[in-house]
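All chains are named by letter (A, B, ...) in the order of the sequence lines, taking the proteins before the strands, and each is independently numbered beginning at 1. Side-chain atoms are counted along with the backbone in the values below, which use heavy atoms only and exclude waters and symmetry mates.
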There are 2 protein chains.
Amino acid sequence: METRHAKTVQTAGFKLTPPRQAVLTALESGDDHMTPAEVLARAQAIYPSLGRATVYRTLELLTNLGIVRPIFLGERGVCLTLAEGGHHHLICSDCGAVVEFDECPVSELEQELAERLNFQIRGHLLEFYGLCAQCQG
Amino acid sequence: METRHAKTVQTAGFKLTPPRQAVLTALESGDDHMTPAEVLARAQAIYPSLGRATVYRTLELLTNLGIVRPIFLGERGVCLTLAEGGHHHLICSDCGAVVEFDECPVSELEQELAERLNFQIRGHLLEFYGLCAQCQG
DNA sequence: CGATAATTGAGACCTGATCTCACTGAGACG
DNA sequence: CGTCTCAGTGAGATCAGGTCTCAATTATCG
């Protein structure tokens, strides 16, 4: 997995430097909803001299390459997630709780939209929002 | 429509003050993907002495009441949208283009999740991301 | 009429993100 | 082997959006 993304970076003509590897590794450890600050911390644990700017630059690079993608998780703010595949949450508008689920009915639609709009689709995000059990009433 | 949301504010025990009305009106004019800065600008056009803090406070209030909800649109950053109903986009990871579409296959799933997780669902967001026609290759 | 509480605007402040710039290190090439 | 070039980097200045504080205002109610 790391190997695959590292390859993507290289074949796109960018160098696979230790700072970039550290960011990639950081992203693949930990869960799939890390804030930039968490990525920075983890990556610095791997490669201590790593600077903040480099992390942001790398995240931007990885985003443009379609490896990673920012999503907005209510309370947590912007988080990074691997771009491939789907992400499915319910978010409580009141307390910000995030619940994940697995069912996903969008693959046909994905196909169809890809063809109709000539879009090369790599992943998706499906979020429901409302009130969780605790916050109702 | 405005009336409805205004009512919601009142019945939740909050005062429907001119600043809050201005924010509500601002949200309902314009499109459904306004950044906070745009909301501020529009609301100030309606009620010039309106302060920034009040707009953010009101947006937070409206979010907690489930009237409005922040979503993250790639390049544009965080935007506000009316919480009710669905929002459907394709977003290009490279250039940030946003394309909307209407088809939406999630209503059954919505039902089922609502029951299973005891979540009172008010709206949803379905985003596909990948590369648009221009950015491929 | 006070008393109380909610709401507000102004501006200080904070924090996360971006920019600048001098420096490094890895190839390209004679 | 020197040295040129240039992508990549870290440090820190800087910026921008959002939050917080606080005094003033307004509404409500007894």
Which residues pass the salt bridge (charged side-chain N to carboxylate O under 4.0 Å, His left out) test with R76(A), not counting sequence neighbours? E38(A)
If you assign V78(B) and G51(A) each to the DNA chain D nucleotide with the nearest heavy atom, which residue ends up on the more 5' nucleotide? G51(A)
R20(B) CZ - dA6(C) C1' separation (whole Å): 8 Å
Note: E127(A)-R69(B) ion pair, threshold 4.0 Å (strictly below): yes
dG9(C) phosphate, OP1 or OP2, under 4.0 Å from S49(B) side-chain N/O: yes
Taking only the side-chain nitrogens and oxygens of T17(A), find out if one of them lies under 4.0 Å from OP1 or OP2 of dT9(D). yes
How about H89(A) and H33(A): are their ring centres within less than 6.0 Å of each other? yes
Report the distance from atom CG of L24(B) to atom P of dT7(C), rounded to the nearest whole Å. 14 Å
Should T54(B) be listed as having a side-chain N or O under 4.0 Å from OP1 or OP2 of dG9(C)? yes
Nucleotide by nucleotide, nucleotides 18-27 of chain C touches protein heavy atoms under 4.0 Å in the pattern (B base, S sugar-phosphate only, - none) BBB-------
Just the rounded figure in Å: distance from P of dT8(C) to CD of Q21(B). 11 Å
Keeping Q44(A) on the side-chain end and L50(A) on the backbone end, is there a donor-acceptor pair under 3.5 Å? yes
Decide yes or no for L80(B) and L62(B): does some side-chain heavy atom of the first lie under 4.5 Å from some side-chain heavy atom of the second? no
When the distance from CZ of F14(B) to P of dA5(C) is rounded to whole Å, what number comes out? 16 Å
Donor-acceptor pair, distance only, cut-off 3.5 Å: does the side chain of Q120(A) make one with the backbone of G130(B)? no
Whether the side chain of Y129(B) engages the backbone of H124(A) through a donor-acceptor N/O pair (distance < 3.5 Å, no angle test) should be reported. yes
Is it true that, when you exclude E103(B) itself, more than 12 heavy atoms of the residues, nucleotides or ligands shown sit nearer than 6.0 Å to its CD? yes
From CD of E60(A) across to P of dG8(D) the rounded distance in Å is 13 Å
From CZ of R76(A) over to P of dG16(C), roughly how many Å is that when rounded to an integer? 13 Å
May I ask you to list the residues of residues 31-47 of chain A, by number, that have any heavy atom positioned under 4.0 Å from an atom of DNA chain C? P36(A)
Would you say E112(B) has more than 12 foreign heavy atoms packed within less than 6.0 Å of its CD? yes
